[in-house]
Protein chains: 4
Amino acid sequence: MNLLISVIGGSECSAADAQAAEAVGAGLARGGATVVCGGLTGVMAAVCRGARQAGGHTIALLPGDDPRAANPDIEFAIPTGLGHARNVIVARAGRAVIAIAGSHGTLSEISLALVYGTPVVALNTWDVSLNGVAPPGLVRATSAVDAVEKALALAAARRV
Amino acid sequence: MNLLISVIGGSECSAADAQAAEAVGAGLARGGATVVCGGLTGVMAAVCRGARQAGGHTIALLPGDDPRAANPDIEFAIPTGLGHARNVIVARAGRAVIAIAGSHGTLSEISLALVYGTPVVALNTWDVSLNGVAPPGLVRATSAVDAVEKALALAAARRV
Amino acid sequence: MNLLISVIGGSECSAADAQAAEAVGAGLARGGATVVCGGLTGVMAAVCRGARQAGGHTIALLPGDDPRAANPDIEFAIPTGLGHARNVIVARAGRAVIAIAGSHGTLSEISLALVYGTPVVALNTWDVSLNGVAPPGLVRATSAVDAVEKALALAAARRV
Amino acid sequence: MNLLISVIGGSECSAADAQAAEAVGAGLARGGATVVCGGLTGVMAAVCRGARQAGGHTIALLPGDDPRAANPDIEFAIPTGLGHARNVIVARAGRAVIAIAGSHGTLSEISLALVYGTPVVALNTWDVSLNGVAPPGLVRATSAVDAVEKALALAAARRV
């Protein structure tokens with residue numbers, strides 16, 4: 001069984017974020033992990049491009065009903081028909097989550113992953129805190145390489 | 001048709017947060033709004049107690065399968081069987097959301113409401129920001145009275 | 001806490017089915033039960049009309065995002081944003097389900113209720129069988145009055 | 001992008017049904033299709049065994065939170081945490097559905113696929129009818145080979 005890592009981020013992103021996402025995809029593929037994402041554009045497209053070019057697998061959990069809405073580097077496109085509620089499943093699918101930039105949808109996936117106890121590696125994305133304290137499950141990364149290393153280590157350390 | 005306002009917050013809370021939640025429930029009931037919540041303990045129980053004592057209605061969207069898991073001030077208990085994914089529906093149900101204290105689940109409901117474009121009023125709860133900027137849809141309140149006023153005004157102003 | 005009974009059926013229905021649905025709504029209200037349904041037209045509108053005229057409560061679990069899509073006899077409209085997947089929650093919400101006529105959506109709610117172990121009372125609706133045997137949880141009714149009696153009795157007999 | 005076909009059926013099954021499921025999995029793999037299923041035992045395990053032995057891919061949409069609940073022939077295990085509600089996504093994932101034997105869960109997936117307009121090929125499974133008429137979207141197969149041929153043809157014919 002393959003190790004699944006969810007990568008989340010906006011459907012629009014800067015060139016720098018796209019470059020980071022592509023490097024994350026490549027790094028996950030080289031580390032033997034399969035990328036799960038929302039399947040659309042922006043960070044989602046970039047991470048899949050990187051993963052496929054490095055020989056990895058990619059799975060999309062799409063909000064709509066048509067698998068053909070997936071970006072061109074999706075191997076396995078699962079249309080959920082759930083709209084934004086598919087974020088629940090994206091957040092739940094991976095043994096760890098890497099969040100890159102993003103908007104409200106990415107924030108929802110970060111927080112849903114925390115609800116499920118899934119470790120989240122944050123790269124240039126949302127800050128969240130309660131009374132000034134960030135959640136312990138949300139780990140900051142400083143680069144794509146760092147994000148991949150941390151996500152693979154956190155996934156490997158999980159017992160449940 | 002009744003106006004629904006979702007109230008979210010932790011299943012454990014401080015005495016001060018419970019008092020605020022009870023005042024929010026009473027204020028919403030007096031303002032003619034029905035409270036929707038996750039139906040369990042802590043903030044959820046306090047807001048329902050306040051709402052019922054002031055003559056309002058209360059609806060629970062429960063994570064499990066048994067309606068009897070609802071707190072004693074729930075009038076209408078809907079078991080969803082979805083686990084934490086029921087947070088999606090709590091966040092989606094109200095025309096506005098009031099968040100009080102809480103943990104990861106509350107953070108997920110705040111962010112899901114933002115995804116759906118539902119205004120969120122925050123009372124002593126999570127701070128979230130992207131590059132130092134908080135989301136415009138997340139409005140701070142300084143008291144229970146202030147939270148109720150803001151939520152009712154934001155709900156009334158919605159056109160979609 | 002109120003007893004919830006889910007009533008399912010098509011968004012289009014014959015005059016006879018609408019009449020039966022209205023009688024079911026009235027009967028449930030007189031029996032002290034709250035009607036939960038999908039909130040739209042056809043059987044859903046008729047059962048709510050009957051329930052409200054008899055002084056009962058009505059709750060909608062809507063497929064879309066706008067509470068104003070609910071029929072005029074809905075008191076509490078919950079927009080789920082889940083599309084057809086909201087059928088899961090309609091099937092899960094009641095302590096018993098009454099199915100009247102309907103199309104594929106109604107069939108899905110009947111079968112999801114059976115998955116959850118919720119008793120289903122069938123009035124002029126789908127026949128289902130496996131190797132010629134109908135599921136024991138699917139009980140036939142011969143009239144609106146009979147359907148209400150059976151649903152209330154089955155709900156009262158539930159221990160889980 | 002790979003063609004996904006959902007295969008549904010009970011977590012317990014007869015030896016004959018397991019043999020049919022294994023042949024279905026092998027046939028789908030040879031036809032270039034990826035098997036999506038609920039990821040557990042019985043028909044789900046048999047179809048995956050057949051698919052993998054023939055060199056195909058397999059994806060699980062699990063009801064629980066732990067990917068390790070998947071059967072040994074699952075390549076990509078997606079834990080949904082949705083309980084029985086994951087049936088919605090199994091029914092939605094494939095461009096066509098093959099149903100083999102099964103219990104209430106299988107019936108729910110058949111009917112949810114019909115709701116979504118996904119063609120369903122039925123092999124020794126539930127009969128459903130409304131006023132004596134079976135749904136046009138539910139096609140009977142007489143053997144594993146027949147089921148695979150029909151599912152691949154129906155999937156290829158879809159325009160939406």
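Both backbone and side-chain heavy atoms feed into the values below; hydrogens, waters and symmetry mates do not. Order of the sequence lines fixes the chain letters, A, B, ..., with proteins taken first and strands second; residue numbering starts at 1 for each chain.
Between the A:Asn2 side chain and the D:Phe76 main chain, no donor and acceptor come within less than 3.5 Å of each other.
With rounding to the nearest 0.5 Å, the separation of CD1 in D:Ile59 from CD1 in A:Ile59 is 5.0 Å. Taken from CG in D:Leu61 to OG1 in A:Thr80, the straight-line distance is 10.5 Å, to the nearest 0.5 Å.
With a 4.5 Å cut-off on non-hydrogen atoms, D:Leu62 does not touch chain A at all. In this structure, chain A has heavy atoms under 4.5 Å from both the backbone and the side chain of D:Arg68. Contacts between A:Leu82 and chain D at a heavy-atom distance below 4.5 Å involve the side chain alone, from C-beta outward. For A:Ala60, no part lies near chain D; criterion is any non-hydrogen pair under 4.5 Å.
Heavy-atom neighbours of chain A within the stretch residues 20-43 of chain D, taken at a separation under 4.5 angstrom, comprise D:Thr34.
D:Met1 and A:Ala70 make their closest contact through SD-CB, 4.1 Å (heavy atoms, listed as atom of the first residue, atom of the second, distance). The two residues D:Pro79 and A:Ala93 make their nearest non-hydrogen contact at CD-O, 3.5 Å. Nearest heavy atom pair, residue A:Arg92 against residue D:Asp65, reads NH1-OD1, 2.8 Å. When all heavy atoms are compared, the tightest approach of D:Ala77 to A:Leu4 is O-CD2, 3.4 Å.
Counting heavy atoms of neighbouring residues, nucleotides and ligands inside a 6.0 Å radius, atom CD of A:Gln53 exceeds 12 of them.
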